[in-house]
**Student:** 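Quick one: structure below, then a few questions.
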Amino acid sequence: MKRLKSLLIATVLFLGTCHTINAQAKTAHVDVNELISKMPAMLDAQKQLEKLSATYDTEYKTMADEYQNKIKKYDQEASTVTDAVNQTRQTEVQDLVKRIQDYRDNAQKELQKKESDMVKPLMDKIKASIAKVGKAKGYQYVLNVADLLLADGPDLTADVKKDLGF
């Protein structure tokens with residue numbers, strides 16, 4: 001009877017240990033920042049964004065130069081024109097300042113939207129590739145290395161790069 005009891009306890013302990021071992025999930029990590037920074041499509045997108053940004057910067061500089069020139073001209077002529085003309089010029093300068101600020105704000109918003117529109121499909125492609133590689137290798141979880149304090153385990157970055165074709 002004692003033997004049967006001991007055997008039963010040993011069996012329960014063994015089964016409990018096996019269940020705990022099987023309950024551990026297989027995890028790996030991947031460096032998403034490296035993937036996105038080396039992805040050829042992302043490099044092309046960055047070039048397009050830099051070109052668009054340069055266009056906005058040129059236009060902004062033109063507007064700022066126009067503002068500086070008007071201020072200079074109006075300051076030089078302020079004492080020789082009437083108060084009504086000075087008031088009109090002051091209003092004109094305030095309108096120009098508002099146009100410049102609006103242009104800058106709209107340019108920033110448009111750049112952010114353009115970047116988001118370009119990056120989202122690339123990130124979706126990377127996520128799909130990570131899921132595909134992770135499942136093929138039998139991992140239940142694949143974590144981004146940027147979010148980890150310790151990344152001591154399988155690194156799937158090279159496999160995902162290969163799957164993405166670079």
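Sequence positions, counted from 1, serve as the residue numbers for this chain.
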**Student:** Do E66 and I100 have side chains that get closer than 4.5 Å, going by heavy atoms?
**Tutor:** no
**Student:** State whether the number of non-hydrogen atoms from other residues, nucleotides or ligands found under 6.0 Å of Y103 atom OH is greater than 12.
**Tutor:** yes
**Student:** Tell me, which pairs form a side chain to side chain donor-acceptor pair (under 3.5 Å) where one or both residues lie in residues 36-56, sequence neighbours left out?
**Tutor:** Y56-E110
**Student:** Does the pair D117/K113 count as a salt bridge with the N-to-O cut at 4.0 Å?
**Tutor:** yes
**Student:** Applying the 4.5 Å side-chain criterion to the ILVMFWY set and letting contacts propagate, would M39 and L49 be lumped into a single cluster?
**Tutor:** no
**Student:** Answer yes or no on whether K26 is positioned over the face of Y139, meaning its NZ or CZ is under 6.0 Å from the six-membered ring centre and within 45° of the axis.
**Tutor:** yes
**Student:** Does the pair K61/D57 count as a salt bridge with the N-to-O cut at 4.0 Å?
**Tutor:** no
**Student:** Going from CG on D31 to CG on L156, what distance comes out if it is rounded to the nearest 0.5 angstrom?
**Tutor:** 12.0 Å
**Student:** Output the distance between atom CG (L96) and atom CD (Q68), rounded to the nearest 0.5 Å.
**Tutor:** 10.0 Å
**Student:** Decide yes or no for R89 and V81: does some side-chain heavy atom of the first lie under 4.5 Å from some side-chain heavy atom of the second?
**Tutor:** yes
**Student:** Closer than 4.0 angstrom, basic N to acidic O: yes or no for D95 and R99?
**Tutor:** no
**Student:** When rounded to the nearest 0.5 angstrom, what distance separates CG in L52 from CG in L111?
**Tutor:** 5.0 Å
**Student:** Between T58 and A54, is there a donor-acceptor pair closer than 3.5 Å when you use the side chain of the first and the backbone of the second?
**Tutor:** yes
**Student:** If you round to the nearest 0.5 Å, how far is NZ of K137 from CG of D159?
**Tutor:** 4.0 Å
**Student:** Do R104 and M63 have side chains that get closer than 4.5 Å, going by heavy atoms?
**Tutor:** no
**Student:** Could you give the distance from CG (L43) to CD1 (I36), rounded to the nearest 0.5 Å?
**Tutor:** 9.5 Å
**Student:** Apply salt bridge (Lys or Arg N to Asp or Glu O under 4.0 Å) to the pair D105 and K109, showing each step before the final yes or no.
**Tutor:** CA-CA 6 Å; D105 293 344; K109 287 177 186 174; over 6 Å; no
**Student:** Answer yes or no: is there a donor N or O on one side and an acceptor on the other, between the side chain of H29 and the main chain of V142, under 3.5 Å?
**Tutor:** no
**Student:** Can you check whether K125's main-chain N or O pairs, donor with acceptor, with S129's side chain at less than 3.5 Å?
**Tutor:** no
**Student:** State plainly whether one hydrophobic cluster holds both V145 and V160, where clusters connect Ile, Leu, Val, Met, Phe, Trp and Tyr through side-chain heavy atoms under 4.5 angstrom apart.
**Tutor:** no
**Student:** When rounded to the nearest 0.5 angstrom, what distance separates CD1 in I130 from CG in D163?
**Tutor:** 10.0 Å
